[in-house]
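Working notes for the structure below.
Order of the sequence lines sets the chain letters (A, B, ...), proteins ahead of strands, with each chain counted from 1.
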2 protein chains.
Amino acid sequence: MSKAAKVLPDEGTGKRGPDGYLGYLLRQAANGYRHRVETSLRETGLTQPQFAALTMLDAYPEHSSADLARIALLTPQTMSTIMQNLENAALIRRHPHQEHGRKRRIELTDAGRQVLVRAKRLVYALETDLAEGFSEEEQRTVRRWLVAAGGRSLEGGAAKP
Amino acid sequence: MSKAAKVLPDEGTGKRGPDGYLGYLLRQAANGYRHRVETSLRETGLTQPQFAALTMLDAYPEHSSADLARIALLTPQTMSTIMQNLENAALIRRHPHQEHGRKRRIELTDAGRQVLVRAKRLVYALETDLAEGFSEEEQRTVRRWLVAAGGRSLEGGAAKP
DNA sequence: ACAATAATATCAGAGTTCTGACAATGAGCA
DNA sequence: TGCTCATTGTCAGAACTCTGATATTATTGT
């Protein structure tokens with residue numbers, strides 16, 4: 001680079017570094033982490049949202065797509081899309097719900113359970129990386145901030161000043 | 001707990017609260033914040049990435065789409081898509097670059113500049129919300145964590161210590 | 001000067017996420 | 001009973017983001 005003395009800030013400095021806007025840093029952090037997760041999950045074919053959905057399904061079985069959407073703070077449409085992709089991949093199965101015509105019961109298939117086991121190992125390794133270099137108290141601060149930053153997002157119109 | 005004592009965790013507790021996985025909390029925080037930003041930007045018609053792109057374009061003019069992708073830690077394809085949408089909305093203009101046949105110079109239009117002014121006011125209000133309730137030192141911790149969490153995401157294989 | 005490499009931009013395809021709109025079921029009320 | 005409303009699920013459309021592939025231009029090496 002010889003001409004025009006690059007005014008591009010180096011990575012990790014300026015607005016991009018620890019002096020940047022929190023919202024900007026938040027978006028980049030989530031992007032970067034999702035990228036690492038999906039690179040790590042490549043061999044399983046899962047995406048980060050699919051992994052999250054399978055994990056919830058395993059932890060809270062017998063629940064509908066709308067239930068899971070509420071847990072994950074997503075819209076029902078979004079969760080529906082994820083479920084369709086998981087069903088196409090034969091990782092889940094959906095049956096009509098007895099005593100409730102519209103609801104559908106969701107179940108992991110054997111393939112789904114096997115993939116989930118492998119995926120959990122991969123993702124939990126990255127999870128520990130996220131905490132590395134931060135004390136217990138600092139991690140508490142970070143968790144508290146993350147919950148506050150994303151907490152009340154789909155809560156209807158609770159804009160009550 | 002008569003028939004099926006709701007095992008759904010309440011919002012803000014369990015894996016969703018301050019005891020949850022950092023990766024999970026990070027995804028939800030970014031989702032929630034983006035949601036708030038776009039709700040706030042509704043009147044301008046901008047999305048969060050479009051706002052970020054316009055801001056960078058304003059701060060570092062005369063740069064190509066690929067340059068901006070590098071700054072924002074996105075792939076060139078992603079930034080290209082955003083630029084196309086901004087161009088369709090007549091918020092930016094692209095001219096052929098002199099002395100560089102392939103590059104294209106990007107410029108905010110008058111409409112783009114006007115929208116950006118309004119959008120900055122709206123977004124910066126939310127930005128201060130993100131810091132509310134956290135001391136200066138806690139904010140430093142959070143920033144440091146966010147940078148570490150998303151930092152080295154697109155660095156091909158540049159393991160250069 | 002020519003060939004190889006790198007950078008820029010784009011197309012195609014997929015997955016996630018939103019809004020908006022709609023149909024079908026279940027529950028409550030006049 | 002019939003009407004209304006909330007819940008559940010889906011379709012359509014848009015934007016963002018990635019990977020992979022391709023074309024064009026610049027730079028570099030021999």
Side-chain angles (χ1 to χ4, degrees), chain A residues 1-3 27-28 30-42 45-53 63-70 72-89 91 94-106 150 153-154 156-157, chain B residues 27-28 30-42 45-53 63-70 72-89 91 94-106 150 153-154 156:
Chain A
M1 57 168 90
S2 31
K3 74 180 92 162
R27 167 159 160 261
Q28 291 201 353
N31 254 342
Y33 181 66
R34 178 176 53 74
H35 192 262
R36 285 207 302 284
V37 167
E38 296 189 353
T39 299
S40 177
L41 285 180
R42 182 76 43 90
L46 289 180
T47 64
Q48 187 193 27
Q50 288 171 354
F51 170 73
H63 286 291
S64 66
S65 176
D67 286 333
L68 297 179
R70 259 186 298 276
L73 296 180
L74 296 176
T75 58
Q77 294 97 319
T78 299
M79 191 53 80
S80 180
T81 302
I82 298 173
M83 289 298 151
Q84 282 169 25
N85 288 326
L86 286 174
E87 192 172 30
N88 290 343
L91 301 180
R94 293 191 280 185
H95 316 275
H97 200 284
Q98 51 274 56
E99 74 175 313
H100 207 296
R102 198 94 179 94
K103 267 190 180 175
R104 303 176 66 178
R105 249 188 67 248
I106 308 178
S153 53
L154 295 185
Chain B
R27 168 159 159 260
Q28 290 201 354
N31 256 342
Y33 181 66
R34 177 176 54 72
H35 192 262
R36 285 207 302 283
V37 167
E38 294 188 355
T39 299
S40 177
L41 285 180
R42 182 77 41 90
L46 290 179
T47 64
Q48 187 194 26
Q50 287 171 355
F51 170 74
H63 286 290
S64 67
S65 176
D67 287 333
L68 296 180
R70 261 186 297 277
L73 295 181
L74 296 176
T75 59
Q77 294 95 319
T78 299
M79 191 54 79
S80 180
T81 303
I82 298 174
M83 289 299 150
Q84 283 168 25
N85 288 327
L86 287 174
E87 193 172 30
N88 290 342
L91 301 180
R94 292 192 281 185
H95 317 276
H97 199 283
Q98 52 273 54
E99 77 176 309
H100 207 295
R102 197 90 181 101
K103 268 192 179 175
R104 302 178 66 181
R105 247 187 69 248
I106 308 178
S153 52
L154 295 185

Take B:Ile82 and B:Gln50 through the side chain to side chain contact (heavy atoms under 4.5 Å, CB included) test and state the conclusion after the steps. CA-CA 6 Å; B:Ile82 298 174; B:Gln50 287 171 355; 4.2 Å; yes
Side chain to side chain contact (heavy atoms under 4.5 Å, CB included) assessment of A:Leu46 paired with A:Leu91: CA-CA 10 Å; A:Leu46 289 180; A:Leu91 301 180; 3.7 Å; yes
Apply side chain to side chain contact (heavy atoms under 4.5 Å, CB included) to A:Gln48 and A:Tyr33, showing your working. CA-CA 10 Å; A:Gln48 187 193 27; A:Tyr33 181 66; 3.9 Å; yes
Test side chain to side chain contact (heavy atoms under 4.5 Å, CB included) on A:His95 and A:Arg104 and set out the steps. CA-CA 6 Å; A:His95 316 275; A:Arg104 303 176 66 178; over 6 Å; no
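The heavy-atom pair separating B:Asn31 from B:Arg34 by the smallest distance is OD1-NH2, 3.0 Å. Between A:Gln28 and B:Ala72, the shortest heavy-atom distance links the atoms NE2-O, 3.4 Å. Nearest heavy atom pair, residue B:Ser65 against residue B:Met83, reads OG-CG, 4.0 Å.
In this model, the phosphate group of D:dA15 is not approached by any side-chain N or O of B:Thr47 to a distance below 4.0 Å at OP1 or OP2. Residue A:Arg70 has a polar side-chain atom (N or O) positioned under 4.0 Å from OP1 or OP2 of D:dT8. Here A:Thr75 does not reach the OP1 or OP2 of C:dT19: none of its side-chain N or O atoms lies under 4.0 Å away. Not one side-chain nitrogen or oxygen of B:Arg94 sits closer than 4.0 Å to the OP1 or OP2 atom of C:dT8. A sub-4.0 Å separation between OP1 or OP2 of C:dG15 and a side-chain N or O of A:Arg34 is absent.
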What would the secondary structure line of DNA chain C be in dot-bracket form, counting Watson-Crick and G-U wobble pairs under 3.5 Å, with [ ] for pairs that cross earlier ones and | for pairs with another strand? ||||||||||||||||||||||||||||||
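In this view, A:Ser64 and A:Asp67 satisfy the side-chain hydrogen bond (donor to acceptor under 3.5 Å, both in side chains) rule, not counting sequence neighbours. For B:Arg27, the salt bridge (charged side-chain N to carboxylate O under 4.0 Å, His left out) criterion is met by no residue, not counting sequence neighbours. Not counting sequence neighbours, the partners of B:Thr78 by the side-chain hydrogen bond (donor to acceptor under 3.5 Å, both in side chains) test are B:Thr75.
As a whole-Å value, the separation of B:Leu91 CG from D:dA15 P is 12 Å. Here D:dC16 presents its P atom at 14 Å from CG of B:Leu68, a figure rounded to the nearest Å. In this structure, the CD atom of B:Glu38 is 18 Å from the P atom of C:dT16, given to the nearest Å. As a whole-Å value, the separation of B:Leu86 CG from D:dC16 P is 7 Å. Rounded to whole Å, the distance from CG on B:Leu74 to C1' on D:dC16 is 9 Å. Rounded to whole Å, atom P of C:dT25 lies 13 Å from atom CZ of A:Arg104. Rounded to whole angstrom, the span from the CG atom of B:Leu46 across to the P atom of D:dA15 amounts to 12 Å. Between the OH atom of B:Tyr33 and the P atom of D:dC16 there is a distance of 16 Å, rounded to whole Å.
Proximity note for B:Ala66 (side chain, C-beta onward) versus D:dT17, C:dA9, D:dT8: the nearest is C:dA9.
Residue A:Gln50 is classed as a sugar-phosphate contact, given heavy-atom separations below 4.0 Å to backbone atoms only.
In terms of position along DNA chain C, the nucleotide closest to B:Ser64 lies nearer the 5' end than the nucleotide closest to the other residue of the pair B:Ser64 and B:Arg27. Map A:Ser65 and A:Arg42 each onto its nearest nucleotide of DNA chain D; the residue landing nearer the 5' end is A:Ser65.
Within residues 77-85 of chain A, the residues having any heavy atom closer than 4.0 Å to DNA chain C are, in order of number, A:Gln77, A:Thr78, A:Thr81, A:Ile82, A:Asn85.
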